[in-house]
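Quick notes on the structure that follows.
Quick caveat: nothing in here was measured; it's all calculated off a predicted structure. In what follows, chains carry the letters A, B, and so on, assigned in the order in which the sequence lines appear, proteins first and then strands, with residues in each chain numbered from 1.
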Number of protein chains: 2
Amino acid sequence: MNKDKHLTSDEISGMLKSAGLSATSQRIGLCRYVLCEAKHPTVDDVRSWAAGQGLKTSLATVYNTLHALCKAGMLKDLRFPHSEKVVYDNNVDPHHHFLDDDTGSIVDIPITEFDYKNKLGSEFEIHDVDIIIRGKLKLKD
Amino acid sequence: MNKDKHLTSDEISGMLKSAGLSATSQRIGLCRYVLCEAKHPTVDDVRSWAAGQGLKTSLATVYNTLHALCKAGMLKDLRFPHSEKVVYDNNVDPHHHFLDDDTGSIVDIPITEFDYKNKLGSEFEIHDVDIIIRGKLKLKD
DNA sequence: ATGATTGCAAATGATTTGCATCATA
DNA sequence: TATGATGCAAATCATTTGCAATCAT
């Protein structure tokens with residue numbers, strides 16, 4: 001999760017155009033949330049945020065935009081075992097996830113904690129490793 | 001995956017009863033597939049198998065049965081990132097999975113290949129670690 | 001007998017799609 | 001202005017549910 005990237009509308013607009021996407025007002029608005037502010041939001045989260053902002057956006061456009069951002073590599077879609085809803089992650093660098101079984105909240109885990117490539121036989125060509133650590137997040141004291 | 005457990009109907013019947021489930025013919029039939037023969041089947045796979053066997057079973061019963069078997073610990077439900085369908089696994093011992101990005105086929109990976117518990121800070125109470133290794137399965141030569 | 005299980009069909013929830021309208025480059 | 005984006009509503013796909021009929025113990 002990139003917390004508070006604080007991208008300006010112009011910066012977002014530029015990023016969209018570099019990705020070959022036209023910079024519509026709904027896309028810029030949604031990006032402001034999904035690329036900066038949001039932590040692992042679902043489509044519903046994005047819609048609610050947009051509604052709260054008075055940003056007029058249809059469901060189809062939310063899906064279209066999120067798909068376009070994923071295809072452009074600006075966002076990643078994740079599916080966790082506890083839910084059938086896709087969640088989106090603006091941290092597109094390799095990393096893993098901790099999933100709180102009680103609250104459903106998701107915490108990013110740096111990938112350097114683990115390393116397992118090249119532990120399997122040569123018939124396995126590894127592209128990627130998804131790790132979901134499930135448990136309970138305890139309050140620090 | 002437990003390949004070919006070759007359970008008899010009586011054995012399955014006994015397992016069901018020990019789990020507090022009555023041994024109906026559809027449950028015994030579905031178990032024959034799902035506990036012995038099948039490798040990571042989806043609900044559709046189970047239905048097709050049943051249809052091919054002439055085993056009359058409704059969709060609702062397939063879902064009911066699979067849920068009951070999961071609750072009884074005889075089966076595990078898994079959700080992979082490439083599909084919105086749940087797949088079922090009769091290997092209920094801890095292990096991880098290799099997912100072929102091209103074919104969607106799934107291979108079990110022994111858990112002993114990896115070990116990362118106790119690598120996170122103490123605020124993470126770890127219950128379980130799900131690992132999905134994505135890549136391509138090459139033909140052995 | 002009686003309580004659990006089945007089957008059907010309708011309901012739900014997430015996501016996708018078709019198409020006419022509209023905005024951006 | 002022409003292409004691509006939007007919005008709406010209907011469609012689809014997986015899964016769940018309500019309820020009457022049926023089966024296992």
Query raised in the report: Side-chain N or O of A/Ser22 less than 4.0 angstrom from OP1 or OP2 on C/dA25?
Result: no
Query - Protein-nucleotide distance (B/Phe80, atom CZ; D/dA14, atom P), rounded to Å - result: 17 Å
Query - Phosphate OP1/OP2 of C/dC8: any B/Lys56 side-chain N/O under 4.0 Å - result: yes
Query - d(CG, A/Leu78; C1', C/dA14) in whole Å - result: 17 Å
Query raised in the report: Would you say B/Asp89's side chain and B/Lys76's backbone share a donor-acceptor pair under 3.5 angstrom?
Result: no
**Report entry** Side-chain donor-acceptor contact under 3.5 Å, A/Asp10 with A/Ser13
**Finding:** no
Query raised in the report: Roughly, in whole Å, what's the span from CG in A/Leu66 to C1' in C/dT15?
Result: 12 Å
Requested in this report: Establish, from distance only, whether the side-chain atoms of A/Ser48 and A/Asp45 form a donor-acceptor pair under 3.5 Å.
Outcome: no
Query raised in the report: Looking at A/Gln26, does any N or O in its side chain come under 4.0 Å of the phosphate oxygens OP1/OP2 on C/dA23?
Result: no
I'd like a list of close polar pairs between nucleotides 16-23 of chain D and the protein, N/O only, cut-off under 3.5 Å.
residue, atom, partner, partner atom, Å
D/dT16, OP2, B/His67, NE2, 3.1

Query raised in the report: What pairs meet the side-chain hydrogen bond (donor to acceptor under 3.5 Å, both in side chains) rule with one or both residues in residues 52-72 of chain B, with sequence neighbours excluded?
Result: B/Ser58-B/Thr61
Requested in this report: Could you check whether B/Thr57 gets within reach of a base, just the sugar-phosphate, or nothing at all, counting any heavy atom under 4.0 Å?
Outcome: sugar-phosphate
Query raised in the report: On DNA chain D, nearest-nucleotide positions of A/Thr61 versus B/Glu84: which is more 5'?
Result: A/Thr61
Requested in this report: Check whether any side-chain N or O of B/Asp130 sits under 3.5 Å from a backbone N or O of A/Ile132 as a donor-acceptor pair, and report yes or no.
Outcome: no
Query raised in the report: Does any pair with a residue in residues 23-36 of chain A pass side-chain hydrogen bond (donor to acceptor under 3.5 Å, both in side chains), and if so which ones, sequence neighbours excluded?
Result: A/Ser9-A/Arg32
Query raised in the report: Can a side chain N or O of B/Lys17 be found less than 4.0 Å away from OP1 or OP2 on D/dT25?
Result: yes
Query - Gap between atoms NE2 and P, on A/His82 and C/dA14 respectively (whole Å) - result: 13 Å
**Report entry** Rounded distance in Å - CG (A/Leu55) to C1' (D/dA5)
**Finding:** 14 Å
Query raised in the report: Looking at B/Ser58, does any N or O in its side chain come under 4.0 Å of the phosphate oxygens OP1/OP2 on C/dG7?
Result: yes
Query - B/His40 and B/Asp108 side chains, donor-acceptor separation under 3.5 Å - result: yes
Query raised in the report: Where each residue is assigned the nucleotide of DNA chain D containing its nearest heavy atom, which of B/Arg79 and B/Ala23 is assigned the position nearer the 5′ end?
Result: B/Arg79
Requested in this report: Quickly work out the B/Lys71 NZ to C/dA4 P distance and round it to whole Å.
Outcome: 12 Å
Requested in this report: Return the value, rounded to whole Å, for the distance between atom CG of B/Leu16 and atom P of C/dA4.
Outcome: 16 Å
**Report entry** Shortest side-chain distance from A/Val86, nucleotide among C/dT15, C/dA14, D/dT6
**Finding:** C/dT15
Report task. Would you kindly give the CG-to-P distance between A/Leu69 and D/dA5, to the nearest whole Å? Result -> 12 Å
